Amino acid sequence: MKYKIIRLLDVAGMNCFEPVVRLCYGEEPRQQVRKIGLFIVAPVVVFALFIGAWAAIAPFIKTKAGSLPSPVDVAGSLVDVYEFHWREYAKKADFARTGDDRDTTLALVTQQLADATERKAVVEAELAELTATLDAETAATLKKYEEAIENQTLVYHASQFEREQELHKLGDKLEVSQDEPREQYVASVREHQTLSARESTHLKELRSDLAAIRKSTTPQFAALLREKNDLDQETQFLDKRASLLSDGNRRSNVASAALTLKNADAALAAAAPGQRYDATLDYLGAEERVLSSAGAIYAKPPTFFDQVFTSIECVFVGFLFATAIAIPIGVLCGLNKVIMASLSPLISLFKPVSPIVWLPIVFIVVGGFIERPDEAWVKPAFLSSAITVALCSLWPTLVNTALGVASIDKDHLNVARVLRLSMWDRLTKIVIPSALPLIFTGLRISLGVGWMVLIAAELLSSSPGLGKFVWDMFNNGSSDTFSQMLLTVFVVGVVGLLLDRIMIVFQRLVSFDGGATAL
Amino acid sequence: MSTGGEQRYVELFRLSKAYPNPYGDRVTVVDGFNLIMKRGEVVSLIGHSGCGKSTVLTMVAGLNSISEGSVVLSGKEVTSAGPDRAVVFQSPCLLPWMTAIQNVRLGVDRVFAHGTRQQRKEICEYYLDAVGLADSMDKYPRELSGGMQQRVGIARAIALKPKMLLLDEPFGRLDSLTRMELQDVILKILDREKITTMLVTHDVDEAIYMADRICMMTTGPMARVGQILDMPFERPRRREEVLEDPLYYDLRGCLVSFLEEQDRRKHRPAPVPKIAESDAAKSADASDQADALAHAEA
């Protein structure tokens with residue numbers, strides 16, 4: 001059992017947990033503890049240090065969108081993102097609910113809504129109370145500050161005016177024809193200008209300080225405000241759910257459309273000779289509406305997790321394209337020196353090209369093939385992202401496959417020669433199996449490259465996915481969205497890591513050094 | 001097949017191998033190698049390492065191009081590698097992603113393509129059983145010891161039912177106990193199947209024990225047949241009988257002195273100029289050929 005677990009860990013590439021297993025079975029505890037310290041504790045400590053450093057530095061990096069989000073903010077944004085995701089899916093489900101299910105859910109939601117409204121009222125009351133007590137104090141401070149700024153402004157204005165008058169007088173008396181006094185005059189005017197500029201910056205600073213004081217409220221106030229905000233959102237959400245469960249529900253939409261249809265039918269039956277054509281038009285319109293409302297689904301905006309899923313889907317489509325192109329070409333290159341020699345300039349030429357260059361080109365070409373993007377079964381933006389991923393990620397697989405095929409053991413090829421194997425047998429029984437480990441190494445690198453390229457491609461092409469999510473958040477520009485962008489960094493990292501792990505497992509399974517038999 | 005065909009089953013006629021060296025000159029490794037083998041005969045090539053015995057063998061196998069001369073097997077000239085000449089190399093060169101039986105099966109499927117699946121499977125099992133691997137058929141090469149891997153290599157070669165078996169120092173990497181075991185395994189199979197065999201080795205005792213004739217090669221470059229010795233032992237052979245035979249030490253002494261002589265010649269400075277050599281080679285060829293024929297007819 002012990003060795004089975006250890007082998008499983010080894011195949012999964014999680015050797016760092018091996019000492020834990022061994023320790024559980026009481027094997028050389030000292031050594032295992034040392035290994036745990038080395039492979040588990042040390043990385044965890046470093047990660048903690050990183051988080052600590054980040055938390056310490058973040059408040060000092062000020063931007064237009066507030067200061068750099070701290071780790072806590074980013075963790076909070078994960079909760080926000082998850083909540084949004086959950087709420088959108090609840091709404092979608094509500095829209096399609098029918099019968100008893102719908103009734104019970106509606107009752108539950110109404111109950112929750114009542115609760116939330118109650119809590120909201122309490123919070124609002126507290127908030128009002130707090131504002132009232134705070135107002136007296138803050139108003140006094142603020143007033144003092146405002147007056148000080150006002151005075152300072154007056155002083156500066158006065159002194160500026162005075163200096164200007166002085167300079168005017170001096171200018172009148174100036175003997176313009178002589179060089180030295182003229183230069184002196186220019187210098188003093190310049191000095192006046194810099195002084196005025198400095199004074200106006202000072203005033204600006206004072207005003208921004210005032211704004212900060214206005215904003216800065218006690219922590220209690222801020223917490224209440226946030227709670228109120230949350231409750232606002234929740235009541236809004238529950239309200240929407242209630243409406244989706246009652247009037248906005250698909251079934252009731254269909255019912256009302258059906259009613260209209262019935263009325264239109266009745267109207268047509270009773271129509272006077274002159275109105276029969278129009279009445280028929282009405283009837284047809286109503287019929288159309290019944291059909292469309294019956295087939296309608298809730299128009300849900302893509303949530304963060306939807307975007308992650310779309311991105312993974314896209315990277316796999318691109319990766320499949322890349323594999324389908326790279327492995328056959330790689331095998332041909334490895335088998336035949338002529339093909340290798342003739343293709344290598346092309347490979348060397350295209351290998352270093354950045355995804356940023358491919359994307360617009362691919363976008364135009366794909367656009368040329370798909371004339372009506374709305375009706376196409378695959379979105380052009382998705383397809384061009386996938387093709388860009390393929391173009392950038394096929395090279396490692398190609399090169400590794402060629403290398404793997406070219407470096408087959410001579411003895412194995414001799415076996416093929418003695419047996420006079422057909423081309424197909426030679427490929428499937430000798431060449432491909434022996435090149436598989438290297439092919440998978442290439443595939444692993446390709447998938448990593450593809451994932452990196454994809455995020456950039458999505459960001460540029462506005463194809464749905466994590467890249468687009470970052471771009472949308474960037475255009476939103478609030479402090480919430482800033483922390484969601486940082487969250488994306490971590491999610492991209494984690495997904496990339498998982499993809500790599502999956503490939504490691506595959507690589508071990510196909511290599512003939514005994515990995516496959518470990519299971 | 002006529003008796004002539006039986007007597008001259010394999011003919012190596014003035015076989016030569018030359019490689020161009022980086023400066024444009026051709027380095028002749030084997031020069032004018034003549035040998036005639038009877039059907040079912042086991043001939044051992046013996047000589048110092050690097051003397052070109054493996055080159056001769058790979059040329060016969062068709063894995064190495066022939067610079068001059070020809071190899072004729074059962075009336076047909078050898079041009080490329082093929083399953084009628086099975087090879088066992090020093091390293092087992094099994095395909096590591098296939099089990100023992102799959103490795104044997106690869107060749108059997110090719111040669112007995114007309115047989116049913118069951119028949120082909122039975123052939124593989126029969127030969128793996130013959131080399132003593134009945135219990136390890138489904139193991140991967142990495143799970144087998146070096147000796148067992150070589151047994152699979154032997155089974156794979158013999159299962160092809162080849163006209164000729166080429167053994168290139170097949171026991172070179174094995175310890176002496178395993179080596180003796182495998183020598184007996186091969187001899188047993190050869191006694192039963194009567195396959196014409198060429199055995200390349202540098203082990204004198206192995207050559208005496210296994211071969212019907214021993215062909216001693218001069219040290220290269222320009223290696224050729226130096227001397228051919230007939231082994232007077234009956235088949236099937238038993239190791240003790242061979243070792244106790246009074247002729248054994250004479251034969252052994254003869255072989256060892258030939259090899260030592262070659263060794264001394266190798267260290268002699270200043271090789272004979274080329275033109276003179278080629279004349280000498282011509283006359284030597286004639287005598288070699290006569291010698292080889294005489295032995296074949298004997």
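Quick caveat: nothing in here was measured; it's all calculated off a predicted structure.
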Any carboxylate oxygen within less than 4.0 angstrom of a Lys/Arg side-chain nitrogen, looking at B:Asp203 and B:Arg179? yes
Part of A:Val415 lying under 4.5 Å from any heavy atom of chain B: side chain
With chain A, which of B:Thr58, B:Asp109, B:Leu95 has the greatest number of heavy-atom pairs at distances under 4.5 Å? B:Leu95
Do B:Glu122 and B:Gln118 meet the criterion of a side-chain donor-acceptor pair at a distance under 3.5 Å? yes
Scored by heavy-atom pairs under 4.5 Å with chain A, the best of B:Leu94, B:Asp84, B:Leu106 is B:Leu106
In a table with atom names and distances, give each donor-acceptor pair under 3.5 Å that connects a side chain of residues 390-399 of chain A to protein atoms at least two apart or in another chain.
residue, atom, partner, partner atom, Å
A:Ser393, OG, A:Val389, O, 2.9
A:Trp395, NE1, A:Leu391, O, 2.7
A:Thr397, OG1, A:Ser446, OG, 2.6

Is B:Glu181 salt-bridged to B:Arg151, cutoff N-O under 4.0 Å? yes
Below 4.5 Å, heavy-atom pairs only: which of A:Asp425, A:Asp409, A:Asn414 has the largest tally toward chain B? A:Asn414
Side chain, backbone, both or neither: which part of B:Arg156 has a non-hydrogen atom closer than 4.5 Å to chain A? side chain
Provide the closest heavy-atom pair for A:Met503 versus A:Leu443 in the form atom of the first, atom of the second, distance. CE-CB, 3.6 Å
